[in-house]
Amino acid sequence: MAPAVTRRSLLYAGATLALPRALRAQALFDTDVAIIGAGAAGLGAAQACARDGKRFVVLEARERIGGRVFTDASLGEPYDAGAFYIHWAERNPWRKIAADLGVALRDESSIPAGEWLSFENGARVERSGRRRQFAELSRRFDTDQSDVPDVSFAERVADAPDLLPGARGMARMAVGDEAERISALDYARLWSGDDLIAPDGYGALVQQFGARVPVNLNTQVTHIRWDGQGVVVESAAGSLTARAAIVTVPVGVLSRGAIRFTPDLPSVTREGLGGLAMGALTKIGLRFDGFRFGLPMNSNLWDDVAGAGGVNFECWPFDRNLIVAIFGGDFARDLLAHGKRAAVEFMLDRLSAMLGEDVRGAFVGASVNGWAADPFAMGCYSHALPGRADARAKLALPVADRIWFAGEATAAGDGDFGAAMTAGGAYLAGEAAARAVRI
Ligand SMILES: Cc1cc2nc3c(=O)[nH]c(=O)nc-3n(C[C@H](O)[C@H](O)[C@H](O)COP(=O)(O)OP(=O)(O)OC[C@H]3O[C@@H](n4cnc5c(N)ncnc54)[C@H](O)[C@@H]3O)c2cc1C
């Protein structure tokens, strides 16, 4: 069990990077900045506070840092249960952090590709015409944003019904949600660039970086008051006063009211929150005993499951004895609603249909990371609803110059929110919020 956090220890955790004692004594507040959440955004905010000589305290509900960047090692061989790609690496802060820490990154093209096999309900199918469809989907969705209306993914292909299945698949696997619920304009704004991979895990990289940041773990914030000067941040560990709060908890957590604000948040902030939803991209790690079913490492099996959606099975990543099942949308929500055990059984059935009955004999164990049901995530990452592409900008507006919402949902790059949804964007958002706090 983790040690109890007292108010004294909360203060102590921020003190290692504090202002000189004389200035501290004059301070009106326990600390300058209360940072809620120790994912990529919270760690970025802490690092920026430290650099600028601002006192800070980080409060994290989980027993670990990293949030949705998490390398799951519970099966004995690691895989990234959350973020995997270091997107648009040219400007992603995690690239420099990795270099500073001596963590090697790899270009995806340098990793030997295995086989790509398609199935429908377990039966092998050859896909024809896919290349043309992908090119057309890419033209409609990844194109210059000035050309994209603020309509749903589904509406974006309303004139070409043959593209709808592809648009649905893209919506579920890239955003984690259904094509009717995602703003095509919000998606088109996302940056593109080179994707890099941390072979030992993106989560492991974030852990290594965050190890030097003082964080109060197991400290769930329940209430933030901003009716006086500064803010009062309440958790089971006590209350803390600060000049400002940087709130990095996911929008799904905020939308369900897990943190109460007194007074209520301004209407513009609430409109911002109301215009954003969380996808349900989910990964299940399946460990095998070393039998590989004739598949080379880094093979992918894509199974279209009738009435549900597709599941991508990544086989033997980095030569590990793992198959990682990746799926999203309502299918993921429904499957996880039946429990983790049922979800694992479902995946073993799919694999048995594709690879044969040896699957169950070679199966060793599984771990399920159902982010949509995780109370501290409530989904994989945010997306704007159709017609609500302005939601991120609304949520990003500081509240009374003392509360900043910072995280993947508000990850603006040059004001265009192109860094949203990513761990790199989250870090940048946290860093920008910390810089904006005046003490
Ligand atoms: C399956 C999956 C695949 C992904 N793939 C990629 C990818 O390939 N590349 C990429 O860049 N991104 C990817 N992402 C998205 C990426 O993980 C997130 O965008 C990013 O990690 C968000 O960081 P954050 O700091 O904004 O939020 P989080 O990481 O969620 O951090 C917020 C923190 O707040 C804590 N918290 C919640 N409630 C409270 C509370 N009441 N009090 C205190 N603390 C609280 C949480 O425990 C958490 O640690 C993926 C995510 C998932 C789930």
Side-chain angles (χ1 to χ4, degrees), residues 34-46 57-72 79-89 92-95 108 173-176 190-191 193 195-198 202-203 205-206 210 215-224 233-237 245-254 256-260 278-285 324-328 332 369-372 374-383 405-411 419-431 433:
I35 299 170
I36 325 299
L43 296 174
V57 173
V58 186
L59 307 172
E60 165 57 52
R62 297 181 199 270
E63 70 216 350
R64 61 166 179 84
I65 62 169
R68 285 169 278 165
V69 195
F70 172 52
T71 303
D72 185 338
Y79 73 99
D80 276 313
F84 175 72
Y85 291 106
I86 299 174
H87 288 304
W88 33 267
N92 192 315
W94 291 106
R95 182 191 205 171
E108 201 176 19
M173 296 306 282
V175 187
L190 299 179
W191 291 346
D195 292 340
L196 295 180
I197 294 167
Y202 204 161
L205 168 64
V206 172
V215 175
N216 295 281
L217 299 174
N218 302 303
T219 308
Q220 182 182 350
V221 170
T222 50
H223 189 190
I224 298 179
V233 178
E234 294 177 4
S235 70
I246 298 179
V247 181
T248 74
V249 312
V251 295
V253 175
L254 293 170
R256 70 195 273 262
I259 300 181
R260 189 155 65 90
M278 298 287 283
L281 196 69
T282 303
K283 296 189 192 178
I284 296 182
V324 183
I326 308 175
F327 51 104
N369 287 277
W371 297 99
D374 178 331
F376 302 129
M378 298 307 292
C380 59
Y381 34 84
S382 63
H383 60 82
F405 292 98
E408 54 85 9
T410 58
M421 302 188 188
T422 66
Y427 185 98
L428 293 174
E431 194 178 44

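Everything quoted here is computed from the prediction, not taken from an experiment. Counting starts at 1 for both ligands and their atoms, following the listed order.
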Do we get Arg68 above Tyr381's six-membered ring, with its NZ or CZ under 6.0 Å from the centre and within 45° of the axis?
no
Return yes if a side-chain donor-acceptor contact under 3.5 Å exists between Glu60 and Thr219, otherwise no.
no
Could you give the N/O to N/O pairs under 3.5 Å linking ligand 1 and the protein, each with its distance?
residue  : atom   : partner : partner atom : Å
ligand 1 : 8 (O)  : Phe84   : N            : 3.0
ligand 1 : 8 (O)  : Tyr85   : N            : 2.8
ligand 1 : 9 (N)  : Tyr85   : O            : 2.8
ligand 1 : 9 (N)  : His87   : NE2          : 3.4
ligand 1 : 11 (O) : Ala423  : N            : 2.9
ligand 1 : 17 (O) : Arg68   : O            : 3.1
ligand 1 : 19 (O) : Met421  : O            : 3.0
ligand 1 : 25 (O) : Ala40   : N            : 3.2
ligand 1 : 25 (O) : Ala41   : N            : 2.9
ligand 1 : 26 (O) : Glu408  : N            : 2.9
ligand 1 : 27 (O) : Arg68   : NH2          : 2.9
ligand 1 : 29 (O) : Arg68   : N            : 2.8
ligand 1 : 30 (O) : Arg68   : NE           : 2.7
ligand 1 : 30 (O) : Arg68   : NH2          : 3.2
ligand 1 : 41 (N) : Val221  : O            : 3.0
ligand 1 : 42 (N) : Val221  : N            : 2.9
ligand 1 : 44 (N) : Ala61   : N            : 3.1
ligand 1 : 47 (O) : Glu60   : OE2          : 2.6
ligand 1 : 47 (O) : Arg62   : NE           : 2.9
ligand 1 : 49 (O) : Glu60   : OE1          : 2.6
ligand 1 : 49 (O) : Glu60   : OE2          : 3.2

Heavy-atom closest pair (Ala40 atom, Ala423 atom, distance to 0.1 Å) is CB-O, 3.5 Å
Report yes or no: does Arg256 contribute a side-chain atom to a donor-acceptor pair with the main-chain N or O of Ile259 at less than 3.5 Å?
no
With sequence neighbours excluded, residues passing ring pair (Phe, Tyr, Trp, His ring centres under 6.0 Å) with Tyr85:
His87
In this structure, are over 12 heavy atoms from other groups packed under 6.0 Å from Arg260 atom CZ?
no
